[in-house]
Amino acid sequence: MEPSKESDVGYGLHYDTPAGAGLSSMPIPGELEKVETVSLPVENMSNVEEGGLKRDLRLRHMVMIAISGTIGTGLFLTSGKTIATAGPLGALLAYVVIGIWLVFVCQAIGEIATLLPLPGAFTAWGSRVFDEAFSFQMTWIYYTNWALTIPAELSASSLIIAYWLPEGSNFPIWIVPLIIIVALVIINLLGVKVYGEIEYWFSILKVVTIVVFIICGILVDSGAVGGHTYGVENWEIPGAPFKGGFKAFLSVLVSVGFSYGGTELSGVTAAESRNPLKHVPKAVNTVLVRIAFFYILSIFFLASIVPNNDPRLVNADGTAVNAPFTIVFLQAGMKGGADYMNAVIFTSIISAANSDFYVATRMLMSLSQNGWAPKIVGRTNSRGVPVVAVLITTLFSCIALVMIYAGASVVFDWLVSIIGSLIFLVWVCILFLHFRFRQCWKAQGHKPEDLPYQSWGYPYGHYLAMVIGVCCVIASFYLSIANKPSVDSYTGGYDDPEYKSARTKWAQGLLGAWFPWFQAISLYFGYKFFKKTKIVDPAMADLDTGRWVAPPKGPQDAVEKPKPLWKRLISQFV
């Protein structure tokens, strides 16, 4: 039988069911011949399109892309400022708390993306389970996040390059981000398969480097390398372990959120995965363990070796001077290792910017397909690349060139503040949509066991994550008001450099805390007012259109034997 032209090709089996129909309305196996279906082996789906996209991402690509989006600028650059502000224990606790929140956010993504691997991922779920206006605002919010992250990554590249330049050098550092922009455009125009392959190898380099760093951290901390045993002495210096108290701890949460931002990429890439049913859960489960391993251990050894009062972590203006990971090698007298680390950090910035570029183009494409941006923005070429979206994202990337003249490090801090708050907003929205999805799933007579992937820890873990998320947002609101400096406290008055620096930091926090929510509320209620959208009835939510249903297994398909426990544990890291 010929595949139905009306069906969403790209899925193992697609049933043409009306919106709001549940699994109970689907035909039973004996009636399959009465329905037009698309039945393709998974290995033959690489050239099947979904909204113009190509299903060319393999499991190894998806796992490494998720890692690539997180191990980058945030960890390598902002971790130093986090330790300098909150002390070793304060920084470590901040990464643990935000990490717990993120674990359940990714579990929520994995559950829905496995069932509905749609272009736009969680930004498209709002229309299905809650309100079209919610999906509209969330898609624009998420695009804003990545459109701003690209210039942040590129400006960070100029900071890293400055490490190798002699003092007083006149080298035009704007050339560096310009070269990177050209490379990003070429990579993304070649198609998702090339993008996935490049990200795979970039990610391997970063993972190997982090492992090497952790090993070196153990050797340096124990005194085996460098000739000095640090132990936990830097956790006992004045100000440590909680430098600045609870208020300082709250102030670093946003920058830690920026560090973790990108973990949710496994949901976005689901629409271009060869087999979302298998790949999305694997990517979600394995990446989380690795991220926890890389981040927590890295921060612990970084804080143990580099004291929080080390002037190299931050300069007088509170901006990154040297990558803190590089300082560890310098502390051990390993100049060659420091050069290598800085080089890896530079390549990781390119990798992270590449992931940002990819997601930004897919968000623009999703906006176009939903009628929220001009149709031409969503058009793809023969490689499944949204060319116009690539052009628009390239223009946003060029903001980095302008930023350099305003001071790359200063603008980088402004962007970190805004992006971190945008990420908090997105994660809160994802958890809300997951609760709403479960409500719709239950209202249509389904059980959690019917889901192709069931997120673990639900509902109590997700309740905890939502509480953490709401508290983080409230903390950012509180700090944006409480941290306003008083000019009377500075001897130089309005011209005092310290007052100007404090005022700049306060303005950064104020804009970062309030701008994302002002944008979200304006977009949601503005769209709702003009389009007169209504909240979806849970019993009528469309949980079927665009679902992935794996092709039925035949007698020739061998049953996979369960792996021994030790192999399953190792597979979480390797």
Would you confirm whether T347, through its side chain, and V344, through its main-chain N or O, come within 3.5 Å as a donor-acceptor pair?
yes

Any side-chain heavy atom of V256 within less than 4.5 Å of one from Y295?
no

Indicate yes or no: at least one non-hydrogen side-chain atom of I83 is less than 4.5 angstrom from one of V306.
no

Heavy-atom closest pair, residues N145 and L422
CA-CD1, 3.7 Å

In terms of relative ring orientation, are F134 and Y524 parallel, tilted or perpendicular, with 30° and 60° separating the classes?
perpendicular

Under the 3.5 angstrom rule, does the side chain of N308 hit a backbone N or O of A86 as a donor-acceptor pair?
no

Assess the side chains of S366 and Y143: does a donor N or O sit below 3.5 Å from an acceptor N or O?
no

So, does S417 use its side chain to make a donor-acceptor pair with the main chain of W414 at under 3.5 Å?
no

How long is the straight-line distance from CG of L190 back to CD of E197, given to the nearest 0.5 Å?
12.5 Å

Partner of T149 under side chain to side chain contact (heavy atoms under 4.5 Å, CB included), chosen from V416, L154, I423, I419
I419

Stepwise side chain to side chain contact (heavy atoms under 4.5 Å, CB included) check, W164 with D339
CA-CA 8 Å; W164 287 296; D339 288 331; 3.4 Å; yes

Please test V328 against C216 for side chain to side chain contact (heavy atoms under 4.5 Å, CB included), starting from the C-alpha separation and ending with a verdict.
CA-CA 9 Å; V328 171; C216 289; 5.8 Å; no

Taking all non-hydrogen atoms of both residues, which atom of S522 and which atom of F518 are closest, and how far apart?
OG-O, 2.7 Å

Closest non-hydrogen contact found for W427 with G257 is CH2-O, 4.2 Å

When rounded to the nearest 0.5 angstrom, what distance separates OG in S351 from CD1 in I198?
10.0 Å

Mind checking whether M365 and Q369 have side chains closer than 4.5 Å, heavy atoms only?
yes

Verify, without hydrogens or angle tests, whether T380 (side chain) and P386 (backbone) share a donor-acceptor contact under 3.5 angstrom.
no

Taking the side chain as every heavy atom from C-beta outward, state whether I349 and I160 have any pair of such atoms under 4.5 Å apart.
yes

Between A94 and V252, what is the shortest heavy-atom contact and its length?
CB-CG2, 3.9 Å

Using the rule given for side chain to side chain contact (heavy atoms under 4.5 Å, CB included), can you reason through K81 versus S255, listing the C-alpha separation, both sets of side-chain angles and the distance that settles it, and then say yes or no?
CA-CA 9 Å; K81 185 177 180 180; S255 61; over 6 Å; no

If you measure from CZ on R362 to CG on L367, what distance do you get to the nearest 0.5 Å?
13.5 Å

Are side-chain heavy atoms of V176 and F171 found at a separation under 4.5 Å?
yes

Is the side chain of T209 donor-acceptor paired with the backbone N or O of L205 at a distance under 3.5 Å, no angle test?
yes

Counting only N and O atoms by type, is there a donor-acceptor contact under 3.5 Å from the side chain of S501 to the main-chain atoms of P497?
no

For a quick test of reading the model, state the closest non-hydrogen atom pair linking S480 to A513 and the distance between them.
CB-CB, 3.9 Å

Could you measure the distance from the CZ atom of F396 to the CG atom of L364? Nearest 0.5 Å is fine.
8.0 Å

Could you go step by step and tell me if V211 and F294 meet the side chain to side chain contact (heavy atoms under 4.5 Å, CB included) rule?
CA-CA 8 Å; V211 172; F294 296 144; 4.1 Å; yes

Find out whether I521 and Q137 are in side-chain contact, i.e. whether some heavy atom of one side chain is under 4.5 Å from a heavy atom of the other.
no

Point-to-point distance, once rounded to the nearest 0.5 Å, from OG1 of T326 to CG of N342
4.0 Å

Y340 and F329: aromatic ring centres closer than 6.0 Å?
no

Whether the W372 and T139 side chains hold a donor-acceptor pair (N or O, under 3.5 Å, no angle test) is what I'd like checked.
no

The reported gap from CD1 in I299 to CG in L92 (rounded to nearest 0.5 angstrom) is 7.5 Å

Non-hydrogen side-chain atoms of W125 and M138 separated by less than 4.5 Å:
no

So, T393 versus T361: side-chain donor-acceptor pair below 3.5 Å or not?
no

For C472 versus L253, what's the shortest heavy-atom pair and its separation?
SG-CD1, 3.9 Å

Any luck finding a side-chain donor-acceptor pair between W101 and Y260 under 3.5 Å?
no

Decide yes or no for L479 and V254: does some side-chain heavy atom of the first lie under 4.5 Å from some side-chain heavy atom of the second?
no

Do the rings of Y142 and F122 sit parallel, tilted or perpendicular, given the 30° and 60° boundaries?
perpendicular

